[in-house]
**Student:** 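Got a structure for you, questions after.
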Number of protein chains: 2
Amino acid sequence: MVAAIDYFKENGFKTFTALGEPNRLAIVELLREGELTVGQIADKLEMRQPQASKHLRVLSDNGLVEVTADANRRIYKINPEPFLTLESWLKTFKQQTEERYDKLDDYLKKIKNKKD
Amino acid sequence: MVAAIDYFKENGFKTFTALGEPNRLAIVELLREGELTVGQIADKLEMRQPQASKHLRVLSDNGLVEVTADANRRIYKINPEPFLTLESWLKTFKQQTEERYDKLDDYLKKIKNKKD
DNA sequence: ATAAAATATTCTATTGCAGGAATATTCCCC
DNA sequence: GGGGAATATTCCTGCAATAGAATATTTTAT
């Protein structure tokens, strides 16, 4: 877990870059409901097949989705791992923020006591 | 909460875009430890002041950080809200994925029973 | 073997974004 | 009020990313 988060701090921007494009985020939203072929994705999002393929390539290169071949077709689905890592990162994030507020609290209490 | 997530599905890519740049993610990492001025950020990350300002502008425009003026200086700190929204999104995400796996489980059990 | 379907890749043009250097703005101090 | 800090903004340039169109590749069906 910790190692994954350390890695994320260095390389996590790639995850964000991949998700930082409207069509790709839409693809991810779509794949949450289940796996889909390229054609299905292109249809539902009203984009041309090559663009769908290219966006899926980016998502795949960055580990956000996985492909399995079914004859002619490529079935794409979410790879949960980077999302779990992201969630862990956010948790340590929140934790740290809370710690800081606690320290601030302590500090303010001290100040107040001095005044009393 | 739900409204925030719906909004996120449409506009969340902006959050990702803002974080999808190494220097900006580094700034966010830095600000987790406490608020900092522009100069301090530029120093610690070994970047020139204008670049620091520009990255902070992007982060600010997308609501990831907040500024307060202290005379000459601008003090930047994390705005927790978008991170909390992101965390909520990831939670519904995981939930949905698990539901799908449960359904798959049920399906596989059915298949197996038929074979028996 | 050929045709058609599904997908990936390439090429090209355009746009957007990041860095560098210079400049503007605001504030403090003497 | 003049100089120096701290920060923001502007302009320019170069590079990376995106869309579109065309083409290549693989697989199935006949």
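Reminder, nothing fancy here: chain letters follow the sequence lines and each chain counts from 1.
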**Student:** Just how far is it from atom CG of B:Asn62 to atom CG of B:Asn79, taken to the nearest 0.5 Å?
**Tutor:** 11.5 Å
**Student:** State whether a side-chain donor-acceptor pair under 3.5 Å links A:Ser53 with A:Arg74.
**Tutor:** no
**Student:** C:dT7 P sits how many Å from A:Leu36 CG, rounded?
**Tutor:** 11 Å
**Student:** Can a side chain N or O of A:Arg57 be found less than 4.0 Å away from OP1 or OP2 on C:dT9?
**Tutor:** yes
**Student:** Where each residue is assigned the nucleotide of DNA chain C containing its nearest heavy atom, which of A:Ser53 and B:Thr17 is assigned the position nearer the 5′ end?
**Tutor:** A:Ser53
**Student:** In whole Å, I'd like the distance from the CD1 atom of A:Ile41 to the P atom of C:dT7.
**Tutor:** 9 Å
**Student:** Looking only at heavy atoms, what is the nearest atom pair of B:Ala52 and B:Val38, with distance?
**Tutor:** CB-CG1, 4.2 Å
**Student:** Distance criterion of 3.5 Å, no angle test: do you see the side chain of B:Gln51 paired donor-to-acceptor with the base of C:dA18?
**Tutor:** no
**Student:** From C-beta outward on B:Lys54, which listed nucleotide comes closest to its side chain: D:dT7, D:dT18, D:dT10?
**Tutor:** D:dT10
**Student:** Respond yes when some side-chain nitrogen or oxygen of B:Arg73 is under 4.0 Å from OP1 or OP2 of C:dC27, and no when none is.
**Tutor:** no
**Student:** Please report the distance, rounded to the nearest Å, between CG in A:Leu59 and P in D:dT18.
**Tutor:** 10 Å
**Student:** Would you please classify the geometry between the A:Phe8 ring and the A:Trp89 ring as parallel, tilted or perpendicular, with 30° and 60° separating the classes?
**Tutor:** tilted
**Student:** Would you mind telling me which of A:Leu64, A:Leu59, A:Leu31, A:Ile27 makes a side-chain contact (heavy atoms from CB on, under 4.5 Å) with A:Ile78?
**Tutor:** A:Leu31
**Student:** Could you state the CZ-P distance from A:Arg48 to C:dT7, rounded to the nearest angstrom?
**Tutor:** 17 Å
**Student:** Of the nucleotides D:dT27, D:dT18, C:dA8, which has the atom closest to the A:Asn72 side chain?
**Tutor:** D:dT27
**Student:** Nearest nucleotide by nearest heavy atom, which residue falls closer to the 5' end of DNA chain D, A:Asn23 or B:Thr37?
**Tutor:** B:Thr37
**Student:** Between D:dA6, D:dT27, C:dT7, which nucleotide gets closest to the side-chain atoms of A:Ala71?
**Tutor:** D:dT27
**Student:** Could you work out which one of D:dA22, D:dT7, C:dG19 sits closest to the side chain of B:His55?
**Tutor:** C:dG19
**Student:** What's the closest nucleotide to the side chain of A:Gln49 if the choices are C:dA8, D:dA8, D:dA19?
**Tutor:** C:dA8
**Student:** Roughly, in whole Å, what's the span from CZ in B:Arg24 to P in C:dG19?
**Tutor:** 8 Å
**Student:** Just N and O in the side chain of B:Tyr76: are any of them under 4.0 Å from OP1 or OP2 of D:dA8?
**Tutor:** yes
**Student:** Between C1' on D:dT7 and CE on B:Met47, what's the gap in Å once rounded to a whole number?
**Tutor:** 15 Å
**Student:** B:Phe13 has an atom CZ; how far is it from atom C1' of D:dT18, in whole Å?
**Tutor:** 14 Å
**Student:** Could you state the atom-to-atom distance from CD of A:Glu46 to C1' of D:dG20 in whole Å?
**Tutor:** 17 Å
